[in-house]
Each structure stands twice: as C-alpha cells, then as structure tokens.
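I have placed the structure first, in the form of structure tokens, so that the comments after it can refer back to it.
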Amino acid sequence: MKVAVIVAVALLALTQGSFGQEPSEVEKIGEYITNLKTQIMSSVSAQDLQSQLEPMATQIQEQLKTFATTLEEQVKPMATNMQAQIQPMVESFQQQMQALIKRLADETKTLGQ
C-alpha cells in the first residue's frame, strides 16, 4: 500500500511538472488574442494617422507652391537686373581675352620665323 501511494504521488508530481513547463491551451489562446489585438490597434492607428496627415500634407504642398511662385516673382527681376549689369563686364573681359590670345598668337608667329 505504501508503494502504491508513493507511486501515485510520484506520478502526480511528474504530471504536475510537465503541465507546469508548457503553457496551457487557454494561455496560448489568450496570448494569441493579445497579439491579434495589438496588430489590429497598430493598423487602425496607422490608418488614422494617415487620414489625419493627408490634409496637412496637401495644405503644406499648396503653401510651398505659393511660396515658390512669390519667390520666383521677387528673384526674376533681380536676376534680370544683375544680368544687365554683368553683361557689359563679361563682354569686356571676352574682348580682352581675345586680344590677349591674338597677341600671343602673333608673338609666337614672330618667334617661329
């Protein structure tokens, strides 16, 4: 009788230990539901965030277009004015370079003769 009680206690201990090591089916299902809930919430949050940001992005894009147009209207006359001021200097420099090249070419011809 003592042996039967000892065997029964040993079997209960082994059974309890094996159940203690592995999570029960209820725990697995609870973990699965928690993971699924987290995924759904993150998906909903991303969709909400996107729907909130789209109008802001459109508004910023419109403001940037307006800013670019205003900037172009201000810069274009300044660029035209600067080009008008620089053009005579560029032409003068070009003439000086052509004269220098011609003089060097003439000198090399006289040296070569």
Side-chain angles (χ1 to χ4, degrees):
M1 176 83 174
K2 289 182 180 181
V3 174
V5 171
I6 293 174
V7 170
V9 169
L11 278 173
L12 283 173
L14 287 174
T15 307
Q16 183 66 25
S18 66
F19 282 127
Q21 290 176 354
E22 295 180 24
S24 68
E25 290 296 317
V26 173
E27 290 175 343
K28 287 181 183 178
I29 292 172
E31 190 175 317
Y32 175 76
I33 290 173
T34 303
N35 290 339
L36 188 61
K37 177 184 143 193
T38 304
Q39 289 176 350
I40 290 172
M41 293 304 287
S42 66
S43 173
V44 168
S45 296
Q47 289 173 352
D48 289 345
L49 184 62
Q50 183 179 2
S51 66
Q52 291 173 1
L53 291 179
E54 281 180 0
M56 288 174 45
T58 305
Q59 182 182 9
I60 290 171
Q61 190 176 20
E62 290 172 4
Q63 289 175 349
L64 285 174
K65 284 180 183 178
T66 304
F67 175 73
T69 303
T70 304
L71 185 63
E72 183 181 2
E73 290 172 354
Q74 292 175 358
V75 170
K76 198 170 187 176
M78 291 188 328
T80 304
N81 185 23
M82 184 169 278
Q83 184 178 6
Q85 291 176 359
I86 292 177
Q87 188 63 32
M89 289 186 265
V90 170
E91 290 173 357
S92 173
F93 179 73
Q94 186 177 13
Q95 289 172 355
Q96 291 173 4
M97 287 293 111
Q98 287 175 348
L100 179 64
I101 291 172
K102 184 177 180 195
R103 191 178 87 204
L104 288 173
D106 290 342
E107 286 180 14
T108 53
K109 283 182 187 177
T110 57
L111 288 175
Q113 292 178 353

Give, for atom CD1 of Ile101 and atom CD of Gln96, the distance between the pair rounded to the nearest 0.5 Å.
-> 12.0 Å
Ile86 CD1 to Asn81 CG distance, which is reported to the nearest 0.5 Å = 9.5 Å
Has Gln87 got more than 12 heavy atoms of other residues, nucleotides or ligands less than 6.0 Å from its CD?
-> yes
So, the side chain of Thr80 versus the backbone of Lys76: is there a donor-acceptor pair under 3.5 Å, distance only?
-> yes
Can Glu91 and Gln95 be counted as having a side-chain donor-acceptor contact under 3.5 angstrom?
-> no
To the nearest 0.5 angstrom, please state how far the NZ atom of Lys65 sits from the OG1 atom of Thr70.
-> 14.0 Å
State which residues pass side-chain contact (heavy atoms from CB on, under 4.5 Å) with Leu53; sequence neighbours excluded, sorted by chain then number.
-> Leu49, Met56
Kindly write out the residues that satisfy side-chain contact (heavy atoms from CB on, under 4.5 Å) with Thr58, not counting sequence neighbours, or none if the list is empty.
-> Glu62
Among Val75, Thr69, Leu71, side chain to side chain contact (heavy atoms under 4.5 Å, CB included) partner for Glu73 | Thr69
Which residues pass the side-chain contact (heavy atoms from CB on, under 4.5 Å) test with Met97, sequence neighbours left out?
-> Phe93, Leu100
Might you work through the side-chain contact (heavy atoms from CB on, under 4.5 Å) test for Lys102 and Gln98, ending with a clear yes or no?
-> CA-CA 6 Å; Lys102 184 177 180 195; Gln98 287 175 348; over 6 Å; no
